[in-house]
K.L.:
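Attaching a single structure in structure tokens format; questions to follow.
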Amino acid sequence: MDKIQMVDLHRQYLRLRPELDLAMQEVIDSCAFINGPQVQRFASHLSSYLDVPSVIPCGNGTDALQIALMALDLKPGDEVIVPAFTYVAAAEVVSLLGLIPVWVDVDEKTFNINPWMIESAISPKTRAIVVVHLFGQCCDMEKIIQIAEQNHLYVVEDNAQSLGAEVLFADGSRRKAGTIAHIGTTSFFPSKPLACYGDGGAVMTADERLAERIRMIANHGQQQKYHHKIIGCNSRLDTLQAAVLDTKLPHLDAFAEARRQVAERYDEAFGNDPRWQIPVRASYSTHVYHQYTLQVADGQRDGLQQYLREKGIPSMIYYPLPLHKQAAFYGFSRIGSVLSASEKLVQSVLSLPIHTEMAPEEVDYIIETVCNYGK
Ligand SMILES: *Cc1c(COP(=O)(O)O)cnc(C)c1O
């Protein structure tokens, strides 16, 4: 058995190598490294897949969030609600733009922002909510959109971890994560559900006016070359990355299915053990299992991680510190709700290996090893 990886990029490359090599070689032969035809081709394929009118590729997922917030034309000092338990990117760009992050707790079961705590966090300065579809599962978008509409707030969906997941609405309809709010963003970082071989990201929207602004902002605030209407930035998806992504996009649902099968085996093996809680599937979302995250009870998490390391099984703590306790934000943020779930989760979460190339004997070994912990 090879060394077990959290994400096995090499094995996936070997499996898809003929199509990937062909696509990459085509870009190199053309030397159209920036703005080659593959970039728009990929954007239009992703737009069809997601069923959203506009997909604007950009340099990475953090840029995508920055561009999204710049497009909303917020004023310094405006408040933006963000979850306290998540990756730093959303809160970071909020601060960079002179806006104030307002921390709201997550639901302990789903790891996603708790809609019931959003309302009390809203002040006269609040203008937007950035929700993050964490670990492969969507937030409760129906409830979030309802609160946002009642309070005239923009909503941005950070969908770096859940591309391909679907929100299930009460009326039976379903829509892809990242296409429901005013703007959605994603990342194509090599470990993400749809991954390139470097940096990449995209912004999506159904609002044509916003789409135009987003395109301008990502391209130095210009529509016509050397005529800059607004302050923008330089954020591009390069052609090689677009070619890799366009090759992988038709496999995206199969990637999710492969991870789902691993998750089902983990669920079955770990589900009835009082030492940990398996990931909860929300009724309003499908799950693409970007991560498989256990909550380990009674301070046993670090012990379990150390034991797994000794047995050659990697695991990760996403995330070890809630954002309201990060030094960077001291004095530049506001607490919007009790944050007890976020504070508890950082002590208990442990993400196990899950990826598109896991061999059945690797899953067997991980299951057997985890179940034997402390025995
Ligand atoms: C990875 C990630 C990002 C940032 O993406 P980059 O491409 O690394 O800039 C933003 N938000 C979330 C939730 C992420 O997981």
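Every number for a ligand or one of its atoms is a count from 1 in the order of the listing.
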K.L.:
Can you tell whether the side chains of Glu19 and Lys248 come within less than 4.0 Å, N to carboxylate O?
P.N.:
no

K.L.:
Below the 3.5 angstrom mark, is there an N/O of Thr86, backbone or side chain, next to an N/O of ligand 1?
P.N.:
no

K.L.:
Taking CD1 in Ile34 as the centre, count heavy atoms belonging to other residues, nucleotides or ligands within less than 6.0 Å. Is the count above 12?
P.N.:
yes

K.L.:
Are the side chain of Asn372 and the backbone N or O of Glu368 linked by a donor-acceptor pair below 3.5 Å?
P.N.:
yes

K.L.:
So does Glu357 pair up with Arg15, basic N to acidic O under 4.0 Å?
P.N.:
yes

K.L.:
So, regarding Asp199 and ligand 1 (criterion: nitrogen or oxygen to nitrogen or oxygen, under 3.5 Å), is there a contact or not?
P.N.:
no

K.L.:
Looking only at distance, does Ala89 have an N or O less than 3.5 Å from an N or O of ligand 1?
P.N.:
no

K.L.:
Donor-acceptor pair, distance only, cut-off 3.5 Å: does the side chain of Arg301 make one with the backbone of Val346?
P.N.:
yes

K.L.:
Would you confirm whether the ring centroid of Phe188 sits within less than 6.0 angstrom of the ring centroid of Phe42?
P.N.:
yes

K.L.:
Please lay out, stage by stage, how Glu79 and Lys125 fare under the test salt bridge (Lys or Arg N to Asp or Glu O under 4.0 Å).
P.N.:
CA-CA 6 Å; Glu79 292 183 349; Lys125 286 185 171 174; 5.7 Å; no

K.L.:
State yes or no: are the ring centers of His182 and Tyr154 separated by less than 6.0 Å?
P.N.:
yes

K.L.:
Among protein heavy atoms, which sits nearest to atom 1 (C) of ligand 1, and what does the distance come to when rounded to 0.1 Å?
P.N.:
Lys192 NZ, 1.4 Å

K.L.:
For ligand 1, is any non-hydrogen atom under 4.0 Å from Val132's backbone (N, CA, C, O), its side chain (CB onward), both, or neither?
P.N.:
side chain

K.L.:
In ligand 1, which numbered atoms sit nearer than 4.0 Å to a non-hydrogen atom of Asn60?
P.N.:
7 (O), 9 (O)

K.L.:
Would you check the N or O atoms of Asp63, main chain and side chain alike, for any that come under 3.5 Å of an N or O of ligand 1?
P.N.:
no

K.L.:
Tell me: protein heavy atom nearest atom 9 (O) of ligand 1, and distance?
P.N.:
Thr62 OG1, 2.6 Å

K.L.:
Looking only at N/O atoms, are Ser187 and ligand 1 under 3.5 Å apart anywhere?
P.N.:
yes

K.L.:
How far is atom 6 (P) of ligand 1 from its nearest protein heavy atom, and which residue and atom name does that atom have?
P.N.:
Gly61 N, 3.4 Å

K.L.:
Heavy atoms only, cut-off 4.0 Å: how does Asp158 contact ligand 1, side chain, backbone, both, or neither?
P.N.:
side chain

